[in-house]
*Asks:* 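Before we start, here is the structure in question, set down as structure tokens.
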Amino acid sequence: MKLSTLQLFVQVMEQGSFSKAAIAAFTTQSNISKQMNTLEEEIGVQLFQRSNQGVMPTPAAVCLAVGLREQLAGIDRLLEEARRTASAGSLSLKVSISDSMSINHITPLLTAFRGNCPGVELKLSAQPQERILRSLADGNTDVALIYSVWPTDAACVTRKAITRTNPCIYYSNQEWPGPVTVDTFRDAAFVRLATSASDATLDLPYLPRQVILVDSLRSVQFYVAAGMACAVLGKSQLLLDSADIATCELTCARSKVGTDVVWMTGNKNPAIYLFKKNVEQFVRKDRHTFS
């Protein structure tokens, strides 16, 4: 079914006759008649009653015309947007990343996207987790990479999982150099972010001897690297970049954690569609090294 045929149909309904529609569309009456016959055959519905006095639209034609006017207007806007994009030569996508994520675990996804979509200009920024959703709502960010434990309950936010794994206990390999298990840290202090949306230490099979609240992941890193405390976090954390810090998987956790991509449902930037499709492909191929 051709878009031009649907446009001619709306023209016929607005003009009230094939002949007037032909004049308005700069074509012939026979072409209009042929196109309407084709449309009726394709949809299997009679749209016009034909007689020597002219044509009369059927109730089905009236119903179709009412819906098509709005749909065609939307299509026209999309076509104009496509033309502007083509003339500009490229798309752009503003990506915000939680500033506590390890760069070594984000770059494979971004590298794959750049390779698959060279016409999209990536504009990257790192932001504190709590500011990212506001940035999305304000239009300063198109898509964001955030941790799965961070809530996004708003109906206007679309969320897609990238990775899911068990959380880990992060510890100093200088303080606990030998083979470790979860029970190894039963008498250890634990440190966690005061601003975190959830208390990950609740996943431990025991009550920590002490829980220390801090205001930044960098502070968590210093506590853990110095052997002063352990931490329970997912694997997409900045702490993985430290050679002094090792991890022990917490298989008894209530749920898995990981990284999500989120965007505002009302954001019509077509580059979001491309990014989402690349995330799906990236996950299916199991090429990601971060979780």
Side-chain angles (χ1 to χ4, degrees), residues 96-111 124-133 144-151 161-260 286-291:
S96 288
I97 304 167
S98 177
D99 61 1
S100 61
M101 285 187 178
S102 168
I103 189 171
N104 294 335
H105 301 287
I106 297 300
T107 49
L109 174 60
L110 298 179
T111 300
L124 307 179
S125 66
Q127 298 187 51
Q129 187 100 349
E130 59 272 14
R131 295 182 188 174
I132 286 181
L133 291 183
L145 300 177
I146 65 174
Y147 297 121
S148 60
V149 295
W150 201 263
I162 298 178
T163 61
R164 288 294 184 272
T165 62
N166 289 318
C168 292
I169 297 176
Y170 285 72
Y171 65 94
S172 166
N173 53 26
Q174 302 297 320
E175 185 73 16
W176 292 275
V180 299
T181 67
V182 172
D183 280 341
T184 301
F185 310 101
R186 185 175 291 274
D187 295 325
F190 280 78
V191 62
R192 74 176 184 88
L193 285 169
T195 57
S196 177
S198 61
D199 184 358
T201 61
L202 296 177
D203 284 330
L204 294 168
Y206 42 77
L207 290 176
R209 174 176 61 82
Q210 179 187 9
V211 176
I212 304 167
L213 299 179
V214 295
D215 59 358
S216 71
L217 196 65
R218 182 62 71 183
S219 296
V220 173
Q221 186 178 35
F222 283 131
Y223 268 94
V224 175
M228 298 170 62
C230 299
V232 179
L233 299 165
K235 292 184 179 178
S236 298
Q237 299 282 0
L238 184 67
L239 276 68
L240 286 174
D241 292 338
S242 175
D244 297 323
I245 297 176
T247 62
C248 174
E249 188 173 354
L250 191 61
T251 57
C252 59
R254 294 165 298 174
S255 59
K256 294 181 181 293
V257 296
T259 303
D260 291 349
D286 199 29
R287 294 173 57 192
H288 55 278
T289 58
F290 68 98
S291 53

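Computation of the quantities below employed the complete heavy-atom set of this structure, encompassing side-chain atoms and omitting hydrogens, waters and symmetry-equivalent molecules. Just so we're clear, the structure is a prediction, and the values are computed from it rather than from any experiment.
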*Asks:* Restricting to ring pair (Phe, Tyr, Trp, His ring centres under 6.0 Å), what partner residues turn up for F190, sequence neighbours left out?
*Replies:* none
*Asks:* To the nearest 0.5 Å, what is the distance between CD1 (I169) and OG1 (T247)?
*Replies:* 10.0 Å
*Asks:* Give a yes or no on whether the backbone of Q221 and the side-chain of Y170 come within a donor-acceptor separation of less than 3.5 Å.
*Replies:* no
*Asks:* Any chance you could measure L133, atom CG, to Q127, atom CD, to the nearest 0.5 Å?
*Replies:* 10.0 Å
*Asks:* Does S216 have any side-chain hydrogen bond (donor to acceptor under 3.5 Å, both in side chains) partners at least two apart in sequence or in another chain, and if so, which?
*Replies:* S219
*Asks:* A quick test of your reading: do over 12 heavy atoms of other residues, nucleotides or ligands sit less than 6.0 Å from CG of L213?
*Replies:* yes
*Asks:* For the pair F185 and W176, name the ring-plane relationship: parallel under 30°, tilted 30 to 60°, perpendicular over 60°.
*Replies:* perpendicular
*Asks:* Could you pull out all residues at least two apart from Q174 that satisfy side-chain hydrogen bond (donor to acceptor under 3.5 Å, both in side chains)?
*Replies:* none
*Asks:* Of all the heavy-atom pairs spanning V220 and A231, show the shortest one and how long it is.
*Replies:* CG1-CB, 3.9 Å
*Asks:* Going by salt bridge (Lys or Arg N to Asp or Glu O under 4.0 Å), name the residues that satisfy it together with D183, two or more places apart in sequence or in a different chain.
*Replies:* R186
*Asks:* Once salt bridge (Lys or Arg N to Asp or Glu O under 4.0 Å) is applied, do any residues pair with D203, and if so which ones, sequence neighbours excluded?
*Replies:* R254
*Asks:* Rounded to the nearest 0.5 Å, what separation is found between the CG atom of L204 and the SG atom of C252?
*Replies:* 7.0 Å
*Asks:* Look up atom OG1 in T259 and atom CZ in R164, then write down how far apart they are to the nearest 0.5 Å.
*Replies:* 8.0 Å
*Asks:* Would you say K256 and T165 make side-chain contact, with heavy atoms under 4.5 Å?
*Replies:* no
*Asks:* For V257, is there any backbone N or O sitting under 3.5 Å from a side-chain donor or acceptor partner on S148?
*Replies:* no
*Asks:* Can you name the nearest heavy-atom pair linking D215 to L193, along with the distance?
*Replies:* C-CD2, 3.9 Å
*Asks:* Using only atom types and a distance under 3.5 Å, with no angle test, would you say the side chain of Y147 pairs donor to acceptor with the backbone of M101?
*Replies:* yes
*Asks:* Between N173 and A243, is there a donor-acceptor pair closer than 3.5 Å when you use the side chain of the first and the backbone of the second?
*Replies:* yes
*Asks:* Considering all heavy atoms of both residues, which atom of G178 and which atom of V180 are nearest to each other, and what is their separation?
*Replies:* O-CG1, 3.2 Å
*Asks:* Apply side-chain contact (heavy atoms from CB on, under 4.5 Å) to the pair T251 and V182, showing each step before the final yes or no.
*Replies:* CA-CA 9 Å; T251 57; V182 172; 5.6 Å; no
*Asks:* Just so I know, are the side chains of L217 and L233 near enough to count as touching, which here means a heavy-atom distance under 4.5 Å?
*Replies:* yes
*Asks:* Of the non-hydrogen atoms in I132 and A144, which two are nearest, and what is the gap between them?
*Replies:* CG2-CB, 3.2 Å
*Asks:* Kindly write out the residues that satisfy side-chain hydrogen bond (donor to acceptor under 3.5 Å, both in side chains) with S172, not counting sequence neighbours, or none if the list is empty.
*Replies:* none
*Asks:* Using side-chain heavy atoms (C-beta onward) and a distance below 4.5 Å, is V211 in contact with D199?
*Replies:* no
*Asks:* Between I97 and L110, is the side-chain contact (heavy atoms from CB on, under 4.5 Å) condition met? List the steps.
*Replies:* CA-CA 11 Å; I97 304 167; L110 298 179; 4.1 Å; yes
